[in-house]
**Student:** 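I'd like to ask some things about the structure below.
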Amino acid sequence: TMALSIMLNAGVDAIRSVKQAFRSTGNFYLMSGMEKSVDAIKKGDSFSESFRAAGVFPADFVEFVEVGEVSGTETESLDRLASEYQQRGRTALTILAMAASGFLWFSIIVILVVMVMSMALKYISLINNAANGNF
């Protein structure tokens, strides 16, 4: 969204802007819809229709672009959407880091409990052997 906004603000033609926006993602799944989207733009479709034709974008993204086109604020809408996606990414990474941290601490606790239980069982076994006269 940020790349598309920058390209449109710079006055780059729609086809080149869309191609660069797809390429800037670095996501092969998204890039797989680039040709369908470009073909739709060549037919005269709007950005939202071309992104819908690509079939790789979530519905909320396409709707956000469509609202920007209807209101005449494509680049501003794309900038807001880019900020929202950055915030979503930060939130997802925070949740992922917290989950990984929790899993790591849980694993350490399990290992410590297993080690303590193992040592306790060996000690109890040693005491039982000594009590029974089996050295």
**Student:** Find out if a path of hydrophobic residues (ILVMFWY) with successive side-chain heavy-atom gaps under 4.5 Å connects Leu8 to Met2.
**Tutor:** no

**Student:** Search all heavy atoms of Ser5 against all heavy atoms of Leu78 and return the closest pair with its distance.
**Tutor:**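 The answer is CB-CB, 3.8 Å.
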
**Student:** Using modelled atom types and a 3.5 Å cut-off, is there a donor and acceptor pairing between side-chain atoms of Ser32 and backbone atoms of Tyr29?
**Tutor:**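 Looks like yes, one N/O pair under 3.5 Å.
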
**Student:** Distance check, rounded to the nearest 0.5 Å: Ile111 atom CD1 versus Ser107 atom OG?
**Tutor:** 6.0 Å

**Student:** Can you measure from CZ (Phe22) to CD (Glu35) and round to the nearest 0.5 angstrom?
**Tutor:** 9.5 Å

**Student:** Ser24 and Ala3: which non-hydrogen atoms are nearest, and at how many Å?
**Tutor:**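 In this case the closest contact between Ser24 and Ala3 is OG-CB, 3.3 Å.
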
**Student:** Would a distance-only check, ignoring hydrogens and angles, find a side-chain to backbone donor-acceptor pair under 3.5 Å from Ser118 to Val114?
**Tutor:**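 Such a contact is absent between Ser118 side chain and Val114 backbone.
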
**Student:** Does any non-hydrogen side-chain atom of Glu76 lie less than 4.5 Å from one of Arg80?
**Tutor:** yes

**Student:** Measuring from Ser77:OG to Leu4:CG, what's the distance to the nearest 0.5 Å?
**Tutor:** 11.5 Å

**Student:** Mind checking whether Val65 and Ile41 sit in one hydrophobic cluster, side chains of I, L, V, M, F, W, Y counted as touching below 4.5 Å?
**Tutor:**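 Yes: a chain of side-chain contacts under 4.5 Å links Val65 to Ile41.
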
**Student:** Which atom names give the shortest non-hydrogen contact between Val56 and Leu30, and what distance separates them?
**Tutor:**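 Taking every non-hydrogen atom into account, O-CD2, 3.5 Å.
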
**Student:** Under a single-linkage definition using a 4.5 Å side-chain heavy-atom cutoff for Ile, Leu, Val, Met, Phe, Trp and Tyr, are Val62 and Val70 assigned to the same hydrophobic cluster?
**Tutor:**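 Result: no, two separate clusters.
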
**Student:** With respect to Phe106, which candidate in Val110, Ile109, Ile108, Leu104 satisfies the side chain to side chain contact (heavy atoms under 4.5 Å, CB included) definition?
**Tutor:**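 It is Val110, the one option of Val110, Ile109, Ile108, Leu104 that forms the side chain to side chain contact (heavy atoms under 4.5 Å, CB included) with Phe106.
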
**Student:** Is there a side-chain contact between Tyr85 and Arg88 in this structure, where contact means two heavy atoms from C-beta onward sitting under 4.5 Å apart?
**Tutor:** yes

**Student:** Is a side-chain N or O of Thr91 found less than 3.5 angstrom from the main chain of Gln87, in a donor-acceptor match?
**Tutor:**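 Yes, because the side chain of Thr91 sits within donor-acceptor range (under 3.5 Å) of the backbone of Gln87.
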
**Student:** In Å, rounded to the nearest 0.5 Å, how long is the span from CE of Met34 to CG of Asp39?
**Tutor:**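 It is 10.5 Å, given to the nearest 0.5 Å.
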
**Student:** Is it the case that the side chain of Glu69 and the backbone of Phe47 share a donor-acceptor pair, with hydrogens and angles ignored and the cut-off at 3.5 Å?
**Tutor:**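 Yes: the side chain of Glu69 pairs with the backbone of Phe47.
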
**Student:** Measure the shortest side-chain to side-chain distance between Glu63 and Val67 over non-hydrogen atoms and say whether it is less than 4.5 angstrom.
**Tutor:** no

**Student:** Side chain of Ser17, backbone of Val12: donor and acceptor closer than 3.5 Å?
**Tutor:**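 Checked: pair present.
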
**Student:** To the nearest 0.5 angstrom, please state how far the OG atom of Ser37 sits from the CD atom of Glu49.
**Tutor:**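 So the gap between those two atoms works out to 11.0 Å.
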
**Student:** Nearest 0.5 Å please: distance from the CD1 atom of Ile6 over to the CD atom of Gln20.
**Tutor:**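 If we round to the nearest 0.5 Å, Ile6:CD1 and Gln20:CD are 11.5 Å apart.
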
**Student:** Verify, without hydrogens or angle tests, whether Ser83 (side chain) and Asp79 (backbone) share a donor-acceptor contact under 3.5 angstrom.
**Tutor:**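 Checked: pair present.
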
